[in-house]
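Inspection log for the structure reproduced underneath, given as C-alpha coordinates.
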Amino acid sequence: VLRQLVGLDAALEPMAAQVEEATIAAREALSSLRRYTDALDADPARQEWIEARLAALEAVARKHRVETRELPALRDTLAAELAELDAGAVSEAELQQRLAAARERYLAAAKLLTLGRQQAATALDRKVTGFMQALGMPGGVFTTRVEPQDPPVFSAHGNDEIEFLVSANPGQPPRPLAKVASGGELSRISLALQVAAVEAAHLPCLVFDEVDAGVGGAVAEMVGRQLHELSAKGQVLCVTHLPQVASQSDHQLRVSKHVREGKTRTQIEVLDETARIEELARMLGGTVITDRTREHAREMLASARQAGAAPQVDSPLAVRRATGVSSGKDKPRARSGRAG
(Lines give C-alpha, C1' and ligand atoms only; values in the text may rest on other atoms or scores of the structure.)
Protein backbone atom coordinates (compact mmCIF):
# COMPACT_ATOMS: atom_id res chain seq x y z
CA VAL A 1 0.00 0.00 0.00
CA LEU A 2 2.80 2.40 0.84
CA ARG A 3 4.53 1.65 -2.48
CA GLN A 4 1.33 2.64 -4.30
CA LEU A 5 0.90 5.78 -2.17
CA VAL A 6 4.48 6.85 -2.80
CA GLY A 7 3.55 7.20 -6.47
CA LEU A 8 0.88 9.67 -5.40
CA ASP A 9 2.80 11.47 -2.64
CA ALA A 10 6.60 11.44 -2.50
CA ALA A 11 6.50 12.52 1.21
CA LEU A 12 5.59 8.94 2.16
CA GLU A 13 8.77 7.48 0.65
CA PRO A 14 10.82 7.57 3.96
CA MET A 15 8.09 5.75 5.86
CA ALA A 16 7.81 3.14 3.15
CA ALA A 17 11.57 2.54 3.37
CA GLN A 18 11.36 2.09 7.18
CA VAL A 19 8.55 -0.44 6.86
CA GLU A 20 10.53 -2.32 4.23
CA GLU A 21 13.54 -2.54 6.51
CA ALA A 22 11.36 -3.66 9.44
CA THR A 23 9.84 -6.36 7.29
CA ILE A 24 13.27 -7.72 6.33
CA ALA A 25 14.37 -7.72 10.04
CA ALA A 26 11.23 -9.50 11.19
CA ARG A 27 11.71 -12.21 8.52
CA GLU A 28 15.31 -12.74 9.64
CA ALA A 29 14.22 -13.00 13.32
CA LEU A 30 11.52 -15.47 12.43
CA SER A 31 14.02 -17.58 10.54
CA SER A 32 16.41 -17.55 13.52
CA LEU A 33 13.64 -18.61 15.94
CA ARG A 34 12.73 -21.53 13.70
CA ARG A 35 16.32 -22.72 13.65
CA TYR A 36 16.47 -22.34 17.52
CA THR A 37 13.34 -24.35 18.15
CA ASP A 38 14.49 -27.02 15.73
CA ALA A 39 17.74 -27.35 17.73
CA LEU A 40 16.02 -27.69 21.15
CA ASP A 41 16.23 -31.16 22.77
CA ALA A 42 13.29 -31.40 25.28
CA ASP A 43 14.01 -33.56 28.40
CA PRO A 44 10.89 -34.27 30.52
CA ALA A 45 12.96 -36.09 33.18
CA ARG A 46 15.18 -33.03 33.65
CA GLN A 47 12.15 -30.80 34.03
CA GLU A 48 10.68 -33.15 36.64
CA TRP A 49 13.96 -33.14 38.58
CA ILE A 50 14.07 -29.35 38.59
CA GLU A 51 10.52 -29.09 39.88
CA ALA A 52 11.24 -31.62 42.63
CA ARG A 53 14.34 -29.68 43.59
CA LEU A 54 12.38 -26.44 43.82
CA ALA A 55 9.75 -28.14 45.99
CA ALA A 56 12.46 -29.50 48.31
CA LEU A 57 14.04 -26.05 48.67
CA GLU A 58 10.66 -24.54 49.55
CA ALA A 59 10.05 -27.28 52.16
CA VAL A 60 13.44 -26.63 53.82
CA ALA A 61 12.76 -22.91 53.82
CA ARG A 62 9.43 -23.49 55.61
CA LYS A 63 11.10 -25.79 58.15
CA HIS A 64 13.70 -23.20 59.11
CA ARG A 65 11.26 -20.30 58.71
CA VAL A 66 13.36 -18.38 56.22
CA GLU A 67 12.95 -17.25 52.64
CA THR A 68 14.20 -19.58 49.89
CA ARG A 69 16.83 -17.06 48.87
CA GLU A 70 18.22 -17.15 52.45
CA LEU A 71 18.95 -20.89 52.38
CA PRO A 72 22.57 -20.59 51.17
CA ALA A 73 23.46 -18.32 54.09
CA LEU A 74 21.70 -20.65 56.52
CA ARG A 75 23.59 -23.61 55.10
CA ASP A 76 26.91 -21.82 55.70
CA THR A 77 25.93 -21.01 59.30
CA LEU A 78 24.92 -24.58 60.11
CA ALA A 79 28.06 -25.94 58.48
CA ALA A 80 30.21 -23.67 60.66
CA GLU A 81 28.39 -24.84 63.81
CA LEU A 82 28.83 -28.47 62.81
CA ALA A 83 32.52 -27.95 62.20
CA GLU A 84 32.88 -26.34 65.62
CA LEU A 85 31.11 -29.27 67.29
CA ASP A 86 33.26 -31.77 65.44
CA ALA A 87 36.41 -29.92 66.49
CA GLY A 88 35.34 -29.95 70.17
CA ALA A 89 34.14 -33.54 70.32
CA VAL A 90 35.85 -35.83 72.84
CA SER A 91 35.86 -39.52 73.21
CA GLU A 92 33.68 -41.40 75.68
CA ALA A 93 36.77 -42.51 77.57
CA GLU A 94 37.85 -38.90 78.11
CA LEU A 95 34.37 -37.99 79.32
CA GLN A 96 34.48 -40.85 81.80
CA GLN A 97 37.82 -39.61 83.10
CA ARG A 98 36.44 -36.12 83.55
CA LEU A 99 33.38 -37.49 85.34
CA ALA A 100 35.52 -39.56 87.71
CA ALA A 101 37.69 -36.54 88.51
CA ALA A 102 34.62 -34.38 89.17
CA ARG A 103 33.18 -37.10 91.40
CA GLU A 104 36.35 -37.22 93.48
CA ARG A 105 36.39 -33.43 93.86
CA TYR A 106 32.74 -33.46 94.95
CA LEU A 107 33.27 -36.22 97.53
CA ALA A 108 36.28 -34.39 98.97
CA ALA A 109 34.32 -31.13 99.25
CA ALA A 110 31.32 -32.96 100.71
CA LYS A 111 33.55 -34.58 103.33
CA LEU A 112 34.89 -31.18 104.39
CA LEU A 113 31.33 -29.86 104.55
CA THR A 114 30.30 -32.82 106.73
CA LEU A 115 33.14 -32.15 109.16
CA GLY A 116 32.23 -28.48 109.34
CA ARG A 117 28.58 -29.29 109.95
CA GLN A 118 29.44 -31.77 112.70
CA GLN A 119 31.58 -29.18 114.45
CA ALA A 120 28.87 -26.54 114.12
CA ALA A 121 26.28 -29.06 115.33
CA THR A 122 28.28 -29.71 118.49
CA ALA A 123 28.37 -26.01 119.33
CA LEU A 124 24.69 -25.58 118.46
CA ASP A 125 23.67 -28.58 120.59
CA ARG A 126 25.52 -27.19 123.57
CA LYS A 127 23.87 -23.78 123.27
CA VAL A 128 20.34 -25.04 122.64
CA THR A 129 20.58 -27.58 125.47
CA GLY A 130 21.62 -24.79 127.83
CA PHE A 131 18.70 -22.62 126.77
CA MET A 132 16.31 -25.54 127.23
CA GLN A 133 17.30 -25.76 130.89
CA ALA A 134 16.49 -22.08 131.32
CA LEU A 135 13.17 -22.44 129.53
CA GLY A 136 11.65 -24.91 131.96
CA MET A 137 12.99 -28.13 130.45
CA PRO A 138 15.48 -29.34 133.08
CA GLY A 139 17.41 -32.34 131.90
CA GLY A 140 16.38 -31.71 128.29
CA VAL A 141 18.94 -32.49 125.61
CA PHE A 142 19.13 -31.23 122.03
CA THR A 143 21.18 -33.18 119.50
CA THR A 144 21.84 -32.66 115.80
CA ARG A 145 22.47 -35.79 113.75
CA VAL A 146 24.71 -35.23 110.72
CA GLU A 147 25.37 -38.40 108.74
CA PRO A 148 26.82 -38.79 105.24
CA GLN A 149 24.54 -40.77 102.95
CA ASP A 150 25.65 -44.05 101.43
CA PRO A 151 25.61 -44.34 98.48
CA PRO A 152 26.57 -40.68 98.07
CA VAL A 153 23.96 -38.19 96.91
CA PHE A 154 25.20 -35.51 94.55
CA SER A 155 23.49 -32.20 95.23
CA ALA A 156 24.26 -28.54 95.76
CA HIS A 157 23.67 -29.02 99.52
CA GLY A 158 26.18 -31.80 100.07
CA ASN A 159 25.87 -35.47 100.96
CA ASP A 160 24.53 -35.20 104.51
CA GLU A 161 21.28 -36.27 106.10
CA ILE A 162 20.53 -33.89 108.96
CA GLU A 163 17.95 -34.34 111.69
CA PHE A 164 17.20 -32.62 114.99
CA LEU A 165 16.77 -34.94 117.98
CA VAL A 166 15.52 -33.98 121.42
CA SER A 167 14.99 -35.51 124.81
CA ALA A 168 12.60 -33.40 126.84
CA ASN A 169 12.95 -35.42 130.05
CA PRO A 170 15.97 -36.88 131.86
CA GLY A 171 16.71 -40.51 131.14
CA GLN A 172 15.01 -40.58 127.78
CA PRO A 173 17.10 -41.12 124.63
CA PRO A 174 16.95 -38.35 122.02
CA ARG A 175 14.31 -38.93 119.39
CA PRO A 176 13.24 -36.94 116.29
CA LEU A 177 12.02 -33.51 117.31
CA ALA A 178 8.83 -33.66 115.25
CA LYS A 179 7.73 -36.91 116.91
CA VAL A 180 8.33 -36.37 120.63
CA ALA A 181 8.00 -32.64 121.35
CA SER A 182 4.66 -31.19 122.46
CA GLY A 183 3.34 -27.86 121.24
CA GLY A 184 4.76 -25.95 124.19
CA GLU A 185 8.10 -27.74 123.93
CA LEU A 186 8.29 -27.02 120.23
CA SER A 187 7.72 -23.33 120.93
CA ARG A 188 10.47 -23.20 123.53
CA ILE A 189 12.92 -25.24 121.46
CA SER A 190 12.22 -22.98 118.48
CA LEU A 191 13.01 -19.96 120.62
CA ALA A 192 16.18 -21.62 121.91
CA LEU A 193 17.29 -22.28 118.34
CA GLN A 194 16.65 -18.66 117.37
CA VAL A 195 18.64 -17.37 120.33
CA ALA A 196 21.48 -19.81 119.72
CA ALA A 197 21.74 -18.99 116.01
CA VAL A 198 21.07 -15.26 116.14
CA GLU A 199 24.72 -14.29 115.71
CA ALA A 200 25.17 -16.57 112.72
CA ALA A 201 21.88 -15.63 111.06
CA HIS A 202 22.39 -11.83 111.17
CA LEU A 203 18.65 -11.20 110.90
CA PRO A 204 17.71 -7.53 111.48
CA CYS A 205 14.18 -8.41 112.60
CA LEU A 206 12.55 -11.54 114.05
CA VAL A 207 8.81 -12.06 114.36
CA PHE A 208 7.34 -14.59 116.80
CA ASP A 209 3.64 -15.35 116.70
CA GLU A 210 2.71 -16.73 120.14
CA VAL A 211 6.04 -18.50 120.65
CA ASP A 212 4.93 -18.91 124.27
CA ALA A 213 2.00 -21.16 123.34
CA GLY A 214 1.51 -24.00 125.78
CA VAL A 215 3.59 -22.51 128.60
CA GLY A 216 2.83 -20.41 131.63
CA GLY A 217 4.03 -19.32 135.04
CA ALA A 218 7.77 -19.20 135.61
CA VAL A 219 8.46 -20.81 132.24
CA ALA A 220 6.60 -18.00 130.48
CA GLU A 221 8.69 -15.47 132.38
CA MET A 222 11.86 -17.23 131.20
CA VAL A 223 10.56 -17.12 127.64
CA GLY A 224 10.11 -13.37 128.01
CA ARG A 225 13.64 -12.97 129.31
CA GLN A 226 15.08 -14.96 126.44
CA LEU A 227 13.15 -12.82 123.98
CA HIS A 228 14.52 -9.73 125.65
CA GLU A 229 18.07 -11.04 125.39
CA LEU A 230 17.46 -11.87 121.77
CA SER A 231 16.39 -8.28 121.11
CA ALA A 232 19.89 -7.11 121.98
CA LYS A 233 20.99 -8.47 118.60
CA GLY A 234 18.18 -6.95 116.55
CA GLN A 235 14.51 -6.06 116.53
CA VAL A 236 12.14 -8.70 117.91
CA LEU A 237 8.38 -8.61 117.47
CA CYS A 238 6.31 -11.11 119.42
CA VAL A 239 2.55 -11.62 119.59
CA THR A 240 1.61 -12.92 123.02
CA HIS A 241 -1.31 -13.30 125.42
CA LEU A 242 0.79 -13.94 128.53
CA PRO A 243 1.46 -11.14 131.01
CA GLN A 244 4.70 -12.84 132.07
CA VAL A 245 6.02 -12.29 128.55
CA ALA A 246 4.42 -8.90 128.04
CA SER A 247 5.98 -7.47 131.19
CA GLN A 248 9.48 -8.19 129.84
CA SER A 249 9.04 -6.04 126.76
CA ASP A 250 10.69 -2.70 126.14
CA HIS A 251 7.50 -1.34 124.60
CA GLN A 252 3.98 -2.66 124.62
CA LEU A 253 1.40 -2.18 121.90
CA ARG A 254 -2.22 -3.16 121.83
CA VAL A 255 -3.65 -4.37 118.51
CA SER A 256 -7.44 -4.27 118.45
CA LYS A 257 -10.08 -4.96 115.82
CA HIS A 258 -13.23 -2.91 115.46
CA VAL A 259 -16.23 -3.58 113.25
CA ARG A 260 -17.79 -0.37 111.94
CA GLU A 261 -20.47 -0.23 109.29
CA GLY A 262 -19.81 -3.84 108.38
CA LYS A 263 -16.07 -3.32 107.89
CA THR A 264 -13.30 -4.61 110.15
CA ARG A 265 -10.59 -2.14 111.05
CA THR A 266 -7.37 -2.78 112.96
CA GLN A 267 -5.99 -0.26 115.41
CA ILE A 268 -2.53 -0.23 117.01
CA GLU A 269 -1.92 1.74 120.20
CA VAL A 270 1.37 2.37 121.96
CA LEU A 271 0.62 2.00 125.66
CA ASP A 272 1.93 4.49 128.19
CA GLU A 273 2.74 3.57 131.79
CA THR A 274 -0.85 3.70 133.04
CA ALA A 275 -2.34 1.95 130.02
CA ARG A 276 0.31 -0.72 130.19
CA ILE A 277 -0.46 -1.57 133.79
CA GLU A 278 -4.13 -1.69 132.91
CA GLU A 279 -3.45 -4.01 129.99
CA LEU A 280 -1.27 -6.33 132.08
CA ALA A 281 -3.98 -6.39 134.73
CA ARG A 282 -6.54 -7.36 132.13
CA MET A 283 -4.27 -10.16 130.91
CA LEU A 284 -3.98 -11.36 134.50
CA GLY A 285 -7.56 -10.94 135.63
CA GLY A 286 -9.76 -11.24 132.57
CA THR A 287 -12.94 -9.20 132.30
CA VAL A 288 -13.06 -8.03 135.94
CA ILE A 289 -10.06 -5.94 136.93
CA THR A 290 -9.59 -5.25 140.63
CA ASP A 291 -7.15 -3.05 142.48
CA ARG A 292 -5.31 -6.16 143.60
CA THR A 293 -4.94 -7.25 139.96
CA ARG A 294 -3.58 -3.83 139.03
CA GLU A 295 -1.13 -4.01 141.92
CA HIS A 296 0.00 -7.42 140.74
CA ALA A 297 0.53 -6.03 137.24
CA ARG A 298 2.47 -3.10 138.66
CA GLU A 299 4.69 -5.45 140.68
CA MET A 300 5.25 -7.69 137.68
CA LEU A 301 6.35 -4.74 135.55
CA ALA A 302 8.60 -3.40 138.30
CA SER A 303 10.17 -6.82 138.80
CA ALA A 304 10.95 -7.08 135.09
CA ARG A 305 12.56 -3.63 135.14
CA GLN A 306 14.65 -4.50 138.16
CA ALA A 307 15.95 -7.49 136.23
CA GLY A 308 16.94 -5.12 133.44
CA ALA A 309 14.29 -6.38 131.06
CA ALA A 310 12.22 -3.33 130.25
CA PRO A 311 13.02 0.41 130.34
CA GLN A 312 10.35 3.09 130.64
CA VAL A 313 7.69 2.96 127.93
CA ASP A 314 7.67 6.68 127.22
CA SER A 315 11.08 6.50 125.56
CA PRO A 316 11.23 8.60 122.36
CA LEU A 317 13.07 5.81 120.58
CA ALA A 318 11.40 3.63 118.00
CA VAL A 319 9.29 0.77 119.30
CA ARG A 320 11.43 -2.27 120.04
CA ARG A 321 8.95 -4.60 121.72
CA ALA A 322 5.21 -5.05 121.83
CA THR A 323 2.80 -7.29 123.67
CA GLY A 324 -0.68 -8.56 122.70
CA VAL A 325 -3.70 -9.64 124.66
CA SER A 326 -7.31 -10.70 124.31
CA SER A 327 -9.72 -8.21 125.81
CA GLY A 328 -12.80 -8.69 127.93
CA LYS A 329 -16.38 -8.93 126.74
CA ASP A 330 -17.02 -5.20 126.94
CA LYS A 331 -14.06 -4.28 124.74
CA PRO A 332 -13.07 -5.05 121.18
CA ARG A 333 -10.99 -8.12 120.65
CA ALA A 334 -7.35 -7.17 120.89
CA ARG A 335 -3.99 -8.71 120.32
CA SER A 336 -0.59 -7.19 120.64
CA GLY A 337 2.92 -8.18 119.94
CA ARG A 338 6.13 -8.05 121.84
CA ALA A 339 9.04 -6.63 119.96
CA GLY A 340 12.64 -6.04 120.73
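Everything numeric here is computed off the predicted structure, so don't read it as measured data.
Under the 3.5 Å distance criterion, the side-chain polar atoms of T293 are left unmatched by any main-chain donor or acceptor of I289. For the pair Q133 (side chain) and G139 (backbone), a donor-acceptor distance under 3.5 Å is present. Panel note: side chain S303, backbone E299; no donor-acceptor pair is recorded below 3.5 Å. Between the side chain of D9 and the main chain of A11, a donor-acceptor pair closer than 3.5 Å is present. Judged by distance alone, with hydrogens and angles left aside, the side-chain atoms of T129 form no donor-acceptor pair with the main-chain N or O of R126 at under 3.5 Å. A distance-only check finds a donor-acceptor pair linking the side chain of S167 to the backbone of Q172 [under 3.5 Å]. N159 places no side-chain N or O within 3.5 Å of a backbone atom of P148 that could act as its donor or acceptor partner.
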Check against side-chain hydrogen bond (donor to acceptor under 3.5 Å, both in side chains), S31 and R34: CA-CA 5 Å; S31 178; R34 286 184 179 139; over 6 Å; no
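Residues M15 and L8 share a hydrophobic cluster, clusters being chains of Ile/Leu/Val/Met/Phe/Trp/Tyr side chains in contact below 4.5 Å. With hydrophobic clusters built from ILVMFWY side chains whose heavy atoms lie under 4.5 angstrom apart, V66 shares a cluster with L57. Hydrophobic clustering (ILVMFWY, side-chain heavy atoms < 4.5 Å, transitive): M222 and M300 are in distinct clusters. L284 and L242 fall into different hydrophobic clusters, where Ile, Leu, Val, Met, Phe, Trp and Tyr are joined by side-chain heavy atoms under 4.5 Å apart, directly or via other members. L177 and M132 end up in the same hydrophobic cluster when Ile, Leu, Val, Met, Phe, Trp and Tyr side chains are linked at under 4.5 Å.
Side-chain contact between F131 and L191 is absent, with no heavy-atom pair separated by less than 4.5 Å. At a threshold of 4.5 Å between non-hydrogen side-chain atoms, the residues P176 and L165 count as touching. Using a 4.5 Å heavy-atom threshold, the side chains of F208 and V245 count as separate. The shortest side-chain heavy-atom distance between L301 and R298 does not fall under the 4.5 Å cut-off.
In summary, E295 and R292 do not engage in a salt bridge, as defined by a charged side-chain N under 4.0 Å from a carboxylate O. Salt-bridge annotation for E229 and R225: absent, with no side-chain N of the basic residue lying under 4.0 Å from a carboxylate O of the acidic one. Between R276 and E273 there is no salt bridge, since none of the side-chain N atoms of the basic residue sits less than 4.0 Å from a carboxylate O of the acidic one. Taking the charged nitrogens against the carboxylate oxygens, R282 and E278 have no contact shorter than 4.0 Å, which rules out a salt bridge. D291 and R294 are joined by a salt bridge, as a carboxylate oxygen and a charged side-chain nitrogen come within less than 4.0 angstrom of each other.
No more than 12 heavy atoms of other residues, nucleotides or ligands sit less than 6.0 Å from atom CZ of R3. When the shell of 6.0 Å around CD of Q149 is examined, it contains more than 12 heavy atoms from other residues, nucleotides or ligands.
Here the CD atom belonging to E84 is positioned 10.5 Å from the CG atom belonging to L82, to the nearest 0.5 angstrom. The CD atom of E163 sits 4.5 Å away from atom CZ of R145, with the distance rounded to the nearest 0.5 Å.
Of all non-hydrogen atoms in S247 and L280, the two that sit nearest each other are N-CD2, 4.0 Å.
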